[in-house]
Peer 1: 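Next up is a structure, given as C-alpha cells.
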Amino acid sequence: MLGLTGVGPDSASILLIAAGDNHDRLRDEASLVALCGASPVEHSSGKNQRRRLDQGGNRQANVAL
C-alpha cells in the first residue's frame, strides 16, 4: 500500500487495522467501502431522489480512505 501515491504509513496502518479487525465481513471492495462509511445511501423524500454518504462505519478508516 505504501507504493501508492498519497498513501502514507499512518493511512495504510489505519486501513489495515480496520480490515484485519473485520476480515470475516470483507468479501470485495464494496464491503470495505461500506465498512469505512463511504458508500452511497438512498436519501429520498417525495419526488426528490438523492444519495448521501453513509453516516455509520469506522470513522478513522473513513478519514484514511
Side-chain angles (χ1 to χ4, degrees):
M1 289 183 79
L2 294 176
L4 298 172
T5 303
V7 178
D10 294 334
S11 298
S13 64
I14 290 171
L15 289 173
L16 288 175
I17 289 170
D21 288 344
N22 300 292
H23 62 87
D24 53 332
R25 293 177 55 190
L26 299 177
R27 294 178 306 276
D28 54 5
E29 290 180 10
S31 60
L32 176 64
V33 172
L35 176 70
C36 294
S39 60
V41 176
E42 293 292 330
H43 181 69
S44 303
S45 61
K47 293 186 232 177
N48 297 336
Q49 292 185 355
R50 299 182 197 135
R51 291 188 175 94
R52 63 172 173 81
L53 292 181
D54 188 9
Q55 296 294 319
N58 188 331
R59 298 285 183 201
Q60 290 179 336
N62 189 348
V63 170
L65 191 64

Peer 1: Show me, pair by pair, the donor-acceptor contacts under 3.5 angstrom made by side chains of residues 6-19, not counting sequence neighbours?
Peer 2:
unit_1 : atom_1 : unit_2 : atom_2 : d
Ser13  : OG     : Pro9   : O      : 3.1
Ser13  : OG     : Asp10  : O      : 2.8

Peer 1: What pairs of residues pass the side-chain hydrogen bond (donor to acceptor under 3.5 Å, both in side chains) test when at least one of them lies in residues 19-34, not counting sequence neighbours?
Peer 2: Asp28-Ser31
Peer 1: Sorted by first residue and then second, give each salt bridge (Lys or Arg N to Asp or Glu O under 4.0 Å) pair with at least one member in residues 32-46; sequence neighbours left out.
Peer 2: Glu42-Arg51
